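Taking it in order: structure first as structure tokens, then the write-up.
Lettering follows sequence order; numbering is per chain, from 1. Keep in mind the model is a prediction, meaning the values are calculated, not measured.
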Amino acid sequence: MKKTPLYQVHQDLGGKIIEFGGWALPVQYSGVLDEHHTVRNAAGLFDVSHMGEITVKGPEAGKYIQRIITNDISRINNNQVIYTPMCYPDGGVVDDLLIYKFNNENYLLVVNAANTEKDYQWFRSNLQEEAVIENISDKVAQIAIQGPKAGNVLQKLTRINLADISFYGFLDKIELAGIKALVSRTGYTGEDGFEIYLSPVDAPVLWLKLLSAGEKEGLKPAGLGARDTLRFEAALPLYGQEISEDISPLEARLGIFVKLDKEEFIGKEALKKQKEQSPERKLAGFEMLDRGIPRHDYRVRFNGKDIGYVTTGSYSPTLNKNIGLALLESEHVQVDKTIEIIIREKPLKARIIELPFYKKRYKK
Amino acid sequence: MRTPEGLKYTKEHEWVRMEEDLVYIGITDYAQDSLGDIVFIELPAEGDVLASGQTMGVVESVKAASDIYMPLSGKVKKVNNALLDNPESVNENPYDSWMIAIEPTDASELEALLNQDEYKKLCAKED
């Protein structure tokens, strides 16, 4: 199992370590529910050093990225971040990622931990332009501070005015308690917050400084468990569940990140065709009417007929309900429609509802 | 981790308490701690007859569902339905949060269960 630079800190602070995609990471500290509420009401600190970081540099770096991703990189300026899927020629998703633009010839790509090697090979095998691709994951640690109090806490450690970093903006080489870092106003919880990229050797020091700086605000360390329930309530997709090589971004309702009006990109033809014919499957949100918690891969039925499966399901700590996301035959995706989730061989009633379950509270 | 004296235990982390003619069944402190926050419980109905080793219910944490197994065969006489609305009480007081009480078919099955020492050793090994 790979260890992040914060592994020892997690052990010392009582994090419960599990294996996740080959990494040893804390699933929880004080408990998933407590950490979840803490992020919604105050702030939580996450070790996300397992994420992959890949740089693309060179005169044609932008042109190359534009051909690989479905979103439109020309829409962002320097010091801005863009979220995008990238697809196979058939429209299935290779991964979803964040792209940080330093300038026209220099980009940082942040990919899902478990996909890092696959993505790196994909990037290299599709390179035709004049650009250099490097996997720098081992040289980068990442800490996320998320929640309505995240800005107040982080501000204590820097002279930069964090209000100058707008949603999906970033600043590089700023000092946090004397430690050089890249800071972006991004996250995976549906709350305001920041993601901090820094050198692995500095990560333990910054982690502890953040925790003590945030004591009054109620900042707590949080684990993968809360990270998942938080992103799920905000209906943010998770690779391998809402999107995968078998699920297109259009099916996953990520159409706003697929710019079919831009120049050629990998997957464009397939996605264009899918959009014209409208996808056969679509992601839907639902809440349980009967008693039961939906889980990943449970089947969904309507009138006794199988119409799809649950991509993510859980108890929702914020809504105090059992809810789920399901990939269903499109014709059945109608708000208020009653469907059945098969839980331990019993069909239990659920109702399709609007997404997201939890309205995101970003500071724009 | 608490492992009270006077109870019997199973390898699947259920506890069993004999009280008059009934056997009360719940899950152990070790079980609740490994599950994390419990948010859902499903229990059998009164009158159900279940064999030792059969699934008698389900506890679900935020992350996952786990079966609860019958430590011994018997007929369900009482169901603690109050737990259904307060599943967190299993986290808070696992040994007060009995789930069902059964009338055992064969009381000698109790002998086959683990005692306090044996169960403590099992938990230490799993950690």
Within residues 96-119 of chain B, the residues sitting under 4.5 Å from chain A by heavy atom, in sequence order, are none

Check whether B:Ala64 gets within reach of chain A through its side chain, its backbone, both or neither, counting any heavy atom under 4.5 Å. backbone

With a 4.5 Å heavy-atom cut-off (strictly below), which parts of residues 8-21 of chain B touch chain A? List them by number. none

Could you tell me which portion of B:Ile38 (side chain, backbone, both or neither) has an atom closer than 4.5 angstrom to a non-hydrogen atom of chain A? neither

Record all donor-acceptor atom pairs with a distance under 3.5 Å between chain B and chain A; write none if the list is empty.
unit_1  : atom_1 : unit_2   : atom_2 : d
B:Asp33 : O      : A:Lys16  : NZ     : 3.0
B:Ser34 : O      : A:Lys16  : NZ     : 3.2
B:Asp37 : OD2    : A:Val32  : N      : 3.2
B:Asp37 : OD2    : A:Leu33  : N      : 2.8
B:Ile41 : O      : A:Arg291 : NH1    : 3.2
B:Ile41 : O      : A:Arg291 : NH2    : 2.9
B:Glu42 : OE1    : A:Arg344 : NH2    : 3.2
B:Glu60 : OE1    : A:Arg295 : NE     : 3.0
B:Glu60 : OE1    : A:Arg295 : NH2    : 2.7
B:Glu60 : OE2    : A:Arg344 : NH1    : 3.2
B:Glu60 : OE2    : A:Arg344 : NH2    : 3.0
B:Ser61 : O      : A:Arg295 : NH2    : 2.9
B:Val62 : O      : A:Arg295 : NH1    : 2.9
B:Lys63 : O      : A:Arg295 : NH1    : 3.4
B:Lys63 : NZ     : A:Asp228 : OD2    : 3.1

Listed partners of B:Lys78 passing side chain to side chain donor-acceptor pair (under 3.5 Å), at least two apart: B:Tyr24

If you tally heavy-atom pairs under 4.5 Å against chain B, which of A:Pro317, A:Gly292, A:Gly313 wins? A:Gly292

